[in-house]
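Below you'll find the structure, written out as structure tokens, and then a few comments.
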Protein chains: 2
Amino acid sequence: MALDDTRRGAARMRDVARVAQVSTMTVSRALMDPGKVSPEVRARVAEAVAAVGYVPNKVAGSLSSSRSKVIGLVVPSIENSLFASTIQGISDVLRRHDHQLMIADSGYSAEAEEAAIRAFLEQRVAGLILHDTTHTPDAVSMIRRSGVPVVENGTLTPEPLDMVVSYSNHDASRAMTQHLARLGYQRIAFVSLPASANQRSRDRQRGYKAALEELGHGFDPRLMLEMPPGLASGAEALLRLMEGGGHPDAIFFAGDVLAMGASLECARRGWPVPGKVAIAAFDNFDLLGHLVPPVTTLKLPRLEIGRRSAEVLLDRIQGRSSAAISVDLRFEIIHRGST
Amino acid sequence: MALDDTRRGAARMRDVARVAQVSTMTVSRALMDPGKVSPEVRARVAEAVAAVGYVPNKVAGSLSSSRSKVIGLVVPSIENSLFASTIQGISDVLRRHDHQLMIADSGYSAEAEEAAIRAFLEQRVAGLILHDTTHTPDAVSMIRRSGVPVVENGTLTPEPLDMVVSYSNHDASRAMTQHLARLGYQRIAFVSLPASANQRSRDRQRGYKAALEELGHGFDPRLMLEMPPGLASGAEALLRLMEGGGHPDAIFFAGDVLAMGASLECARRGWPVPGKVAIAAFDNFDLLGHLVPPVTTLKLPRLEIGRRSAEVLLDRIQGRSSAAISVDLRFEIIHRGST
DNA sequence: CCTTGAAATGATACCGATACCATAAACGCG
DNA sequence: CGCGTTTATGGTATCGGTATCATTTCAAGG
């Protein structure tokens, strides 16, 4: 196909160059680094761009420069609103820095995560953000070989791939357990998501046990439960604990919307909270503050995790840092009527 | 840089070709269309791929083939869990078809949407999914010129850019209003998000008014309110309506978590629902079914919108369809104790 | 006035794949 | 057995930009 004004399809830089009567290099400079081009030419190029409706082809640009402005993110679930704040934080920072975000969800499976990582590396992303901290060996070696910078988010893992931005699930869980003890509760039950395939849940369980030990409370297995996520699940956990032999006076629900389900179940049954049993939650959903009574919970830096992850990643990509840093963000306890 | 085994960085197809002792074309075929390559060669290539740790470069592939497997999605807000189900639906279908998802959020601004669309077109996405249905003129002309297929999601708009997959906000709103009337409520109030910049809210308001008219109920401006999103906002709307002169016996909250906020406020004040006032909601958050009393609401096909959007887009991209179709998905009313 | 160097611009190779066409070998069949 | 056809493979141009180096121009300095 020869140089031809009537060519169908998107205008190329060549077309802009012809209209502006300069070379493509000059067009490229005018767009990428306007300071390197004289004001008159810059204006001619701008005019030509508008005239032909030029939309730069970043695919060609990335190939040529072997640079990319795309970041890949893998979360366990897109639908789970817990991750939404983090994604929003990432998105905000990336937009400000003119980068794009690709998202995949792993459905909590390391194999699906590996597939997503592979797809991202095939797209030659400039960086990766992974919520999970456990990966398949193949995923790890692919990432290592690619040399792409990575941020992990899920928990402060002792053996990170590269960079970590998170809070300590262990410390948060321990802090809440201690808080409940300080309030005078003696038999503190603990409900989490299944720990088998999930480092976050394991860390939270460890934090709970660490607190009990420091407090001199013995560990009673009747007071510890693992439940699948969901509101109904929280209600069921409540009933099982109250009807089991453990006689808890407080229950710490360390995951998902379990605490909400339990609180609503108490409301349905007319059980006074904390009169019959105190309830504490892990994640700071707005709703928890509006329930009757409002629920004591942890305030976790979800949005901040997203922001900082994007920031440290961009710092690395843009050569402003090279360290395999680990950022430990803070959590707070929000004390409310339920405890 | 000459052909050199010790070259740093990712292996290229050329390296695989050398190790497998075939041409790059054969490697390309072995990976893209294995049937076209003899079994022995296919095996040699597979071995070579593993040996050099080859990760195909889709950037180069896209440039060369002028095809891309990336879909761009623009939502008003990533954090808002309403959109999360739709995103999940899109993601599920794309993953099954080996496509990638790029996400941007517009923060409810048409200008930011335009910027996101431009960025996606620069990345030469294969298709676009836009939640909003109102766009800047520049955005529209860019999309038109690019020839990229588009799906709009927000509402069944009468003048779509291309394809639409949604439900009728107007009909859903009318149906719920009629439902409340059928239950015997006489003074049905309506609360929505601000309609000024939002076609969805406008459609819902129109549906409410249409129902009133069909029912022969007069329209009382004291019974209609616009509120910003949020739980607190729902509570405030409730109080304003109950203390205003309109004396509603039912309130239909047509947006976000307003109904939840109102329901929780009733619980806090000990107001019986529906004894003092009935409450109906628009979106089917699970929580609504767990409140006391559980809240009547619409069941909207959020996940299905995502799935179908991705499907019709892929159909078009892969040449299985060419029509500018409009898919009208169904909603249902979930009748519960609050009305 | 000539030298030196910075600033502005262009020519050309190249990024890493795929498209297209050519070629060689294997195959089918009257 | 000969010839057309299919199957397997390779050579080379090309996708649309950017990197690199060369060239030109012009101002400043000795």
Side-chain angles (χ1 to χ4, degrees), chain A residues 1-4 7-45 48-49 52-70 121-124 126 146, chain B residues 1-4 7-18 20-45 48-49 52-70 121-126 146:
Chain A
M1 194 176 314
L3 288 177
D4 174 2
R7 184 171 175 285
R8 297 284 306 154
R12 296 144 306 166
M13 192 175 269
R14 192 182 308 174
D15 304 317
V16 177
R18 185 156 23 80
V19 172
Q21 308 194 51
V22 293
S23 69
T24 58
M25 258 330 292
T26 299
V27 175
S28 178
R29 285 195 197 100
L31 298 175
M32 301 278 293
D33 193 357
K36 280 204 167 351
V37 161
S38 73
E40 311 92 81
V41 170
R42 205 184 305 154
R44 282 222 308 283
V45 169
V49 164
V52 304
Y54 176 62
V55 177
N57 185 332
K58 298 282 187 193
V59 175
S62 296
L63 176 61
S64 178
S65 64
S66 27
R67 265 176 267 127
S68 143
K69 292 201 170 183
V70 179
L121 293 180
E122 290 182 346
Q123 300 286 342
R124 295 299 188 265
S146 74
Chain B
M1 195 176 312
L3 289 176
D4 175 0
R7 184 172 177 283
R8 299 284 306 153
R12 296 145 305 164
M13 192 175 271
R14 191 182 308 173
D15 304 318
V16 177
R18 185 157 23 79
Q21 308 195 54
V22 293
S23 69
T24 59
M25 260 324 296
T26 299
V27 175
S28 177
R29 277 194 282 258
L31 298 175
M32 300 279 293
D33 193 358
K36 279 202 166 357
V37 162
S38 72
E40 310 91 81
V41 169
R42 205 184 305 153
R44 282 220 308 283
V45 169
V49 164
V52 303
Y54 176 61
V55 177
N57 185 331
K58 298 281 188 193
V59 176
S62 298
L63 176 60
S64 178
S65 65
S66 33
R67 264 176 270 124
S68 142
K69 292 199 169 186
V70 179
L121 293 179
E122 290 181 347
Q123 299 287 343
R124 296 298 188 263
V125 294
S146 74

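Throughout, a chain's letter reflects where its sequence line sits, starting with A, and its residues are numbered from 1.
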Please tell me if the side chains of [X] and [Y] come closer than 4.5 Å, counting only heavy atoms from C-beta onward.
{"X": "B:Val45", "Y": "B:Val37", "answer": "no"}
{"X": "A:Arg124", "Y": "A:Val70", "answer": "no"}
{"X": "B:Val16", "Y": "B:Leu31", "answer": "no"}

Are OP1 or OP2 of [N] and a side-chain N or O of [X] less than 4.0 angstrom apart?
{"X": "B:Tyr54", "N": "C:dG16", "value": "no"}
{"X": "B:Ser65", "N": "D:dC15", "value": "no"}
{"X": "B:Ser62", "N": "D:dC15", "value": "no"}

Nearest-Å distance, [atom1] ([X]) to [atom2] ([N])?
{"X": "A:Arg67", "N": "D:dG17", "atom1": "CZ", "atom2": "C1'", "result": "12 Å"}
{"X": "B:Lys36", "N": "C:dT18", "atom1": "NZ", "atom2": "C1'", "result": "14 Å"}
{"X": "A:Arg14", "N": "C:dA11", "atom1": "CZ", "atom2": "P", "result": "14 Å"}
{"X": "B:Leu63", "N": "C:dA19", "atom1": "CG", "atom2": "C1'", "result": "13 Å"}
{"X": "A:Met13", "N": "D:dA19", "atom1": "CE", "atom2": "P", "result": "11 Å"}
{"X": "A:Arg18", "N": "C:dG10", "atom1": "CZ", "atom2": "C1'", "result": "17 Å"}
{"X": "B:Lys58", "N": "C:dA17", "atom1": "NZ", "atom2": "P", "result": "10 Å"}
{"X": "A:Arg44", "N": "C:dG10", "atom1": "CZ", "atom2": "C1'", "result": "14 Å"}

Margin query: What residues from residues 22-34 of chain A pass a heavy-atom cutoff of under 4.0 Å to DNA chain C?
Written below: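 Result for residues 22-34 of chain A: A:Val22, A:Ser23, A:Met25, A:Thr26, A:Arg29, sorted by number.
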Residue mapping more 5' on DNA chain D - nearest nucleotide basis, A:Gly61 or B:Ser38:
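Nearer the 5' end of the strand: B:Ser38.
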Worksheet entry | B:Ser62 side-chain N/O to B:Lys58 backbone N/O, donor-acceptor pair under 3.5 Å |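 The answer is yes, because a donor-acceptor pair under 3.5 Å joins these two groups.
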**Asked** Can any side-chain N or O of A:Ser65 pair as donor or acceptor with the backbone N or O of A:Gly61 at less than 3.5 Å?
**Response**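 Confirmed, A:Ser65 side chain pairs with A:Gly61 backbone.
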Closest nucleotide among C:dT18, D:dT9, D:dG17 to the B:Ser64 side chain
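So the nucleotide nearest the side chain must be C:dT18.
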Using a 4.0 Å heavy-atom cut-off, does B:Val59 contact any base of the nucleic acid, only the sugar-phosphate backbone, or nothing at all?
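No contact at all - B:Val59 keeps every heavy atom at 4.0 Å or more from the nucleic acid.
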Which part of the nucleic acid does B:Ser66 contact within heavy-atom distance under 4.0 Å: base, sugar-phosphate only, or nothing?
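Contact class for B:Ser66: none.
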- Which heavy-atom pair separates A:Ala11 from A:Val52 by the least distance, and what is that distance?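 Where A:Ala11 meets A:Val52 most closely, the heavy atoms are CB-O, 3.7 Å.
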request  = Find the distance between CZ (A:Arg42) and NZ (A:Lys36) and round it off to the nearest 0.5 Å.
outcome  =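 Atom-to-atom, A:Arg42:CZ and A:Lys36:NZ are 12.0 Å apart.
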